[in-house]
There are 2 protein chains.
Amino acid sequence: MVVLPYLLKIIEKYGLFGVIKTSTSELGELLDLSQQSVSRILIEFEKQNYIHRNSSVNGIEIEFREKSYKLLKYTYNLLHKYFSDFRITGKITQGIGEGKYYVKLPGYRQRFEEILDIKPYPGTLNLKVDKSKVKAMKLFFEPVRIEGFKNGDRTFGSLDCYKCIINDKFEGWVLFAERTTHSDEIIEIISEHEIKSPDNKVNVTFVKNCH
Amino acid sequence: MVVLPYLLKIIEKYGLFGVIKTSTSELGELLDLSQQSVSRILIEFEKQNYIHRNSSVNGIEIEFREKSYKLLKYTYNLLHKYFSDFRITGKITQGIGEGKYYVKLPGYRQRFEEILDIKPYPGTLNLKVDKSKVKAMKLFFEPVRIEGFKNGDRTFGSLDCYKCIINDKFEGWVLFAERTTHSDEIIEIISEHEIKSPDNKVNVTFVKNCH
DNA sequence: ATTACTAACTTGCGAGTAG
DNA sequence: TCTACTCGCAAGTTAGTAA
């Protein structure tokens with residue numbers, strides 16, 4: 001029997017703690033089920049010790065029990081592993097050096113200092129990383145956006161910047177140019193420090209999960 | 001159609017990123033489904049853009065897509081609200097003063113200093129709180145246990161200690177005696193500082209989620 | 001209003017099996 | 001071996017309705 005998706009929807013609306021006073025028809029709308037089905041599944045949830053249940057002609061009262069908490073905690077821990085300390089490991093690569101060029105441009109430098117609060121080392125760190133991890137990281141974290149700008153008749157593209165910790169030591173930002181010539185496999189990092197690694201392996205941890 | 005529980009089970013075994021090479025019968029064992037049903041639900045998951053799927057006579061390859069990441073992130077954020085910054089708000093109550101007595105006993109004081117690394121203010125803070133929240137908190141956090149001891153012919157019971165932050169300011173520990181005379185509604189807190197609050201309301205935040 | 005029963009209906013499951 | 005089809009059956013869902 002399916003439990004977790006129903007618990008989550010109920011928690012989203014009513015919270016996790018204390019007694020929930022509602023009705024089976026109200027829950028039916030929430031869970032996309034008929035009044036009758038809600039009645040049935042709540043009886044089943046009670047039988048299996050997921051909830052306390054108190055029904056009367058005036059409505060229904062439910063309260064989550066230990067078994068629900070455990071299921072949710074288990075789920076949370078499972079996801080926590082992937083969603084909290086998001087770490088990508090990669091190998092230093094030369095890239096095409098385009099970042100080095102950008103990071104020296106006064107227009108970008110100024111914005112890095114103002115928006116990211118960083119005086120970057122004049123060069124970028126290019127890492128070859130797992131494509132799918134980068135894709136997922138972008139979904140999990142909210143970038144700080146540096147809008148594109150004009151300088152005379154040259155235009156400079158926007159950058160999406162993701163704050164990170166490099167090798168558990170230095171703060172930095174992973175930059176994604178709007179129009180990049182990189183494949184998704186290579187990420188570009190700026191930091192106030194020059195990053196060196198004897199085996200060319202570097203790990204990047206994304207710290208804050210903004211939703 | 002049910003998606004989340006299946007995704008979670010797959011992630012638990014195979015991880016969240018990259019291509020998963022497996023077979024429908026192997027997944028069947030994991031998901032408690034027949035080989036035929038796995039084949040069916042994977043086709044359905046692909047139709048609904050949860051996964052990429054690549055099947056051949058040698059087995060099946062799947063990879064999670066953005067829709068799966070979003071569902072999981074959504075679920076994580078929902079749970080994160082309750083499971084990370086676990087906060088209980090309560091009202092100061094006099095209690096029966098039993099904590100004040102214990103905290104002055106040399107045997108306990110010594111253990112508080114050694115095990116909890118705290119020189120507690122000679123008195124406890126008693127808070128009347130939501131019973132169900134306390135119950136949930138105990139499930140989510142791992143206590144530091146102070147084992148019971150003997151002193152002459154008197155025996156002193158064990159304590160379960162949960163580290164916390166009081167009013168976003170002071171570190172402290174919530175203590176649960178093995179044999180307490182408190183109802184579950186009153187929690188007992190020790191701290192190096194005397195906690196005062198003009199309206200008698202105090203919040204307690206539990207910081208680390210140890211699984 | 002409610003809850004929750006029974007009965008009809010619909011969806012989902014898996015055994016058999018083809019490719 | 002493998003995937004994935006068909007089809008019979010089981011489980012889950014809802015309409016009708018009693019209390």
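- Protein atom NZ of A/K21 is 16 Å distant from nucleotide atom P of C/dT2, rounded to whole Å.
- By the 30° and 60° cut-offs, the orientation of the rings of A/Y76 relative to A/H80 is tilted.
- A donor-acceptor pair is defined here as one N or O able to donate and one able to accept, closer than 3.5 Å; no such pair exists between the side chain of A/S158 and the backbone of A/E147.
- As a whole-Å value, the separation of B/R53 CZ from D/dC2 C1' is 13 Å.
- Scanning residues 25-37 of chain B for heavy-atom distances under 4.0 Å to DNA chain D yields B/S25, B/Q35, B/Q36.
- Rounded to an integer number of Å, the gap from B/N58 CG to D/dA4 P is 13 Å.
- Distances from the side chain of A/V57 to the nucleotides D/dA4, C/dT2, C/dT3 place C/dT2 closest.
- Minimum heavy-atom separation, A/I20 to A/G15: CD1-O, 4.1 Å.
- The shortest distance between the side-chain N/O atoms of B/R40 and the OP1/OP2 oxygens of C/dG12 is not below 4.0 Å.
- Atom CD in B/E61 sits roughly 15 Å away from atom P in D/dC2 (whole-Å rounding).
- No side-chain donor from either of B/S68 and B/R65 sits under 3.5 Å from a side-chain acceptor of the other.
- From one end of the helix from C/dT2-D/dA19 to C/dG19-D/dC2 to the other, with five pairs defining each end axis, the axis direction shifts by 40° (rounded to 10°).
- Counting to the nearest Å, the C1' atom of D/dA4 and the CG atom of B/N54 are 15 Å from each other.
- Aromatic rings of A/Y121 and A/H193 (six-membered ring for Trp) have centroids beyond the 6.0 Å cut-off, not under it.
- Using modelled atom types, one finds no donor on one side chain facing an acceptor on the other under 3.5 Å when comparing A/S56 with A/N54.
- Taking the six-membered ring for Trp and thresholds of 30 and 60 degrees, B/Y6 and B/F45 have ring planes inclined between 30 and 60 degrees apart.
- In the set D/dT14, C/dT3, C/dC5, the nucleotide with an atom closest to the side chain of A/I43 is C/dC5.
- Distances were taken from every side-chain heavy atom of A/I41 (C-beta onward) to each of C/dT2, D/dT13, D/dC2; the shortest belongs to D/dT13.
- Distances shown here put a side-chain N or O of A/T24 below 4.0 Å from the OP1 or OP2 atom of C/dT3.
- Within 4.0 Å of A/S55, counting heavy atoms only, lie sugar-phosphate atoms of the nucleic acid but no base atom.
- Formation of a donor-acceptor pair under 3.5 Å by the B/N167 side chain with backbone atoms of B/N203 is found in this model.
- Ring geometry for A/Y108 versus A/F149: interplanar angle over 60°, hence perpendicular rather than tilted (30 to 60°).
- Counting non-hydrogen atoms under 4.0 angstrom, A/S23 reaches the backbone sugars and phosphates but no base.
- The CE-P distance, from A/M1 to C/dC13, rounds to 15 Å in whole Å.
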